[in-house]
Number of protein chains: 2
Amino acid sequence: MKHTFNQKPDYEKELRNAGVRITRPRRIILDILTSTEDHPDAMKIFHRAIEIDDSISLSTVYRTMNLLEEMGAIHRHAFNGGPSRFEQAHGEHHDHLIDVDTGAVIEFKSDKIEKLQEEIAKSLGYDIIHHRLELYGRKIDRSS
Amino acid sequence: MKHTFNQKPDYEKELRNAGVRITRPRRIILDILTSTEDHPDAMKIFHRAIEIDDSISLSTVYRTMNLLEEMGAIHRHAFNGGPSRFEQAHGEHHDHLIDVDTGAVIEFKSDKIEKLQEEIAKSLGYDIIHHRLELYGRKIDRSS
DNA sequence: GACACAGTTGCAAAGATTCTCAACTGGAAT
DNA sequence: ATTCCAGTTGAGAATCTTTGCAACTGTGTC
């Protein structure tokens with residue numbers, strides 16, 4: 001169970017396969033997510049969305065983010081109490097190393113860890129649906 | 001891999017060492033956390049707290065939970081949009097396997113994974129301060 | 001294309017969490 | 001024990017997120 005390419009994913013297809021309707025608001029929100037480089041929060045996404053269709057509601061933004069998160073299509077980050085910020089999950093699954101000083105997010109992936117996780121889950125009698133691994137670290141400073 | 005066991009940690013000592021004041025509200029909240037078996041949310045903790053001292057405010061509960069979480073003394077779980085629920089981290093660090101159907105939380109620990117994480121962080125130029133590993137799984141059903 | 005129905009939406013209201021700030025307090029220094 | 005001050009608190013406002021519900025709309029079926 002792993003995806004191995006790093007192209008712009010076809011979210012609409014994924015959504016259909018998951019038995020989820022492709023609605024106008026969802027299409028717009030997906031466009032915003034796939035065409036942005038930053039990590040916007042719900043309000044930011046909402047503002048960008050109403051420029052395209054001003055009938056979209058903030059609730060729908062939140063609902064869509066939850067939906068996409070459950071599907072594994074996006075990741076949610078919550079820094080020091082602020083609102084959640086989102087980023088699209090690239091085709092490939094990856095974990096995160098968060099710089100505790102700057103909030104910077106570094107993505108990484110380890111097949112070894114993935115494999116270990118599955119072994120552990122199995123030994124506890126479970127199949128893994130998805131997982132979240134976040135390392136919080138501080139840059140090694142060799143100068144001081 | 002091994003399971004952790006319960007042991008009542010000396011939180012006050014840990015707090016002092018971290019340069020944090022031991023206040024009356026904090027002592028009460030810590031008592032509640034160390035003497036409970038369930039995973040209460042902030043409101044539940046608040047209600048238990050005001051039975052002991054009705055001047056404690058909900059803000060303080062939230063602030064204390066954030067403080068303890070940063071210190072690694074408790075863990076926060078957020079199930080399907082509901083309020084965050086907390087549990088004390090036992091003396092030993094452990095990770096979590098969450099049953100997506102029941103919300104049950106199973107604790108486990110793997111030295112192998114811990115070690116791998118450190119290697120990865122180091123190779124990215126970071127020291128790990130703490131981390132969070134959550135597996136979301138479904139019970140393997142052998143009857144069907 | 002029209003129909004039906006379950007999934008989805010927008011809105012408003014409720015719920016959860018953080019923030020602001022003046023008042024208060026733990027604990028270090030005296 | 002008293003003083004002092006940065007850290008902490010309570011109260012309520014502000015912010016963020018979810019929810020209930022009636023209206024609306026994709027999508028499968030004819």
Side-chain angles (χ1 to χ4, degrees), chain A residues 11-32 39-71 73-86 103, chain B residues 11-32 39-71 73-86 103:
Chain A
Y11 285 132
E12 295 201 8
K13 195 170 177 183
E14 283 186 40
L15 286 168
R16 273 181 215 287
N17 290 345
V20 171
R21 283 193 201 160
I22 311 301
T23 62
R24 181 161 165 71
R26 281 178 182 159
R27 213 188 305 265
I28 290 173
I29 291 170
L30 284 173
D31 277 353
I32 291 171
H39 292 182
D41 61 21
M43 191 56 77
K44 208 160 289 176
I45 293 167
F46 172 60
H47 281 132
R48 292 180 194 170
I50 56 179
E51 304 213 338
I52 301 166
D53 176 347
D54 71 335
S55 74
I56 288 175
S57 79
L58 181 55
S59 314
T60 297
V61 173
Y62 276 109
R63 278 189 285 235
T64 303
M65 302 325 281
N66 285 338
L67 176 69
L68 295 176
E69 187 188 19
E70 271 179 43
M71 290 180 44
I74 61 172
H75 294 297
R76 172 195 302 262
H77 300 293
F79 299 118
N80 52 307
S84 293
R85 294 166 54 192
F86 305 93
Chain B
Y11 284 133
E12 295 201 9
K13 194 172 178 181
E14 283 186 39
L15 285 168
R16 272 180 216 287
N17 291 345
V20 171
R21 282 192 201 159
I22 311 300
T23 62
R24 181 161 164 72
R26 282 179 181 160
R27 212 188 306 267
I28 291 172
I29 292 171
L30 284 172
D31 276 352
I32 291 171
H39 293 181
D41 60 21
M43 192 57 77
K44 206 160 290 174
I45 293 168
F46 173 60
H47 281 132
R48 291 180 194 170
I50 55 180
E51 304 213 339
I52 300 166
D53 176 347
D54 71 335
S55 74
I56 288 175
S57 79
L58 182 54
S59 313
T60 296
V61 173
Y62 276 108
R63 278 189 285 236
T64 303
M65 302 325 280
N66 286 338
L67 176 69
L68 295 176
E69 186 188 18
E70 270 180 44
M71 291 181 43
I74 61 172
H75 293 297
R76 171 194 303 262
H77 300 294
F79 300 120
N80 52 306
S84 293
R85 294 166 55 193
F86 305 92

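Not counting sequence neighbours, the partners of Glu69(A) by the side chain to side chain contact (heavy atoms under 4.5 Å, CB included) test are Asn66(A), Ile74(A), Arg76(A), Arg132(A). Residues satisfying the side chain to side chain contact (heavy atoms under 4.5 Å, CB included) test with His77(A), not counting sequence neighbours, are His39(A), His75(A), Phe79(A), Glu87(A), His96(A), Val105(A), Glu134(A). Under the rule for a salt bridge (Lys or Arg N to Asp or Glu O under 4.0 Å), the partners of Arg48(A) that lie at least two apart in sequence or sit in another chain are Asp38(A). Arg21(A) pairs by the salt bridge (Lys or Arg N to Asp or Glu O under 4.0 Å) definition with nothing, not counting sequence neighbours. Partners of Tyr62(B) by side chain to side chain contact (heavy atoms under 4.5 Å, CB included), not counting sequence neighbours, listed by chain and number: Ala42(B), Leu58(B). Here Arg27(A) pairs with Glu12(A) under the salt bridge (Lys or Arg N to Asp or Glu O under 4.0 Å) rule; sequence neighbours left out.
Between the CE atom of Met71(B) and the CG atom of Leu15(B) there is a distance of 4.5 Å, given to the nearest 0.5 Å. Rounded to the nearest 0.5 Å, atoms OG1 (Thr64(B)) and CZ (Phe86(B)) are 10.5 Å apart. For the atom pair CD1 of Ile29(B) and CD1 of Ile52(B), the computed distance is 9.5 Å after rounding to the nearest 0.5 Å. Once rounded to the nearest 0.5 Å, the distance linking CG of Leu67(A) with OG1 of Thr60(A) reads 11.5 Å.
DNA chain D lies under 4.0 Å from no heavy atom of any residue of residues 44-56 of chain A.
For the salt bridge (Lys or Arg N to Asp or Glu O under 4.0 Å) condition, the pairs that include at least one residue of residues 51-60 of chain A, sequence neighbours left out, are Arg24(A)-Asp53(A).
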Q: Could you run through nucleotides 24-30 of chain C and give me one letter per nucleotide, 5' to 3': B if any protein heavy atom sits under 4.0 Å from the base, S if only the sugar-phosphate is that close, - if neither?
A: -BBS---

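Using a 4.0 Å cutoff to heavy atoms of chain A, the contacted part of DNA chain D runs 5' to 3' from dC16(D) to dT27(D).
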**Q.** Test side-chain contact (heavy atoms from CB on, under 4.5 Å) applied to Leu30(B) and Ile22(B), step by step
**A.** CA-CA 10 Å; Leu30(B) 284 172; Ile22(B) 311 300; 5.8 Å; no

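Contact of the Lys44(A) side chain with the Asp41(A) side chain is registered, since non-hydrogen atoms from C-beta on lie closer than 4.5 Å.
End-to-end axis angle of the helix from dG1(C)-dC30(D) to dT30(C)-dA1(D), from C1' rotation axes over five pairs per end: 50° (rounded to 10 degrees).
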Between the protein and nucleotides 14-18 of chain C, list the N/O to N/O atom pairs that are separated by less than 3.5 angstrom.
from	atom 1	to	atom 2	distance (Å)
dT17(C)	OP1	Ser84(B)	N	3.0
dT17(C)	OP1	Ser84(B)	OG	3.4
dT17(C)	OP2	Tyr62(B)	OH	2.4
dT17(C)	O5'	Tyr62(B)	OH	3.4
dT18(C)	OP2	Asn66(B)	ND2	3.2

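Minimum interatomic distance between Ile50(B) and Ile56(B) (heavy atoms only, all atoms of both residues): CG2-O, 3.6 Å.
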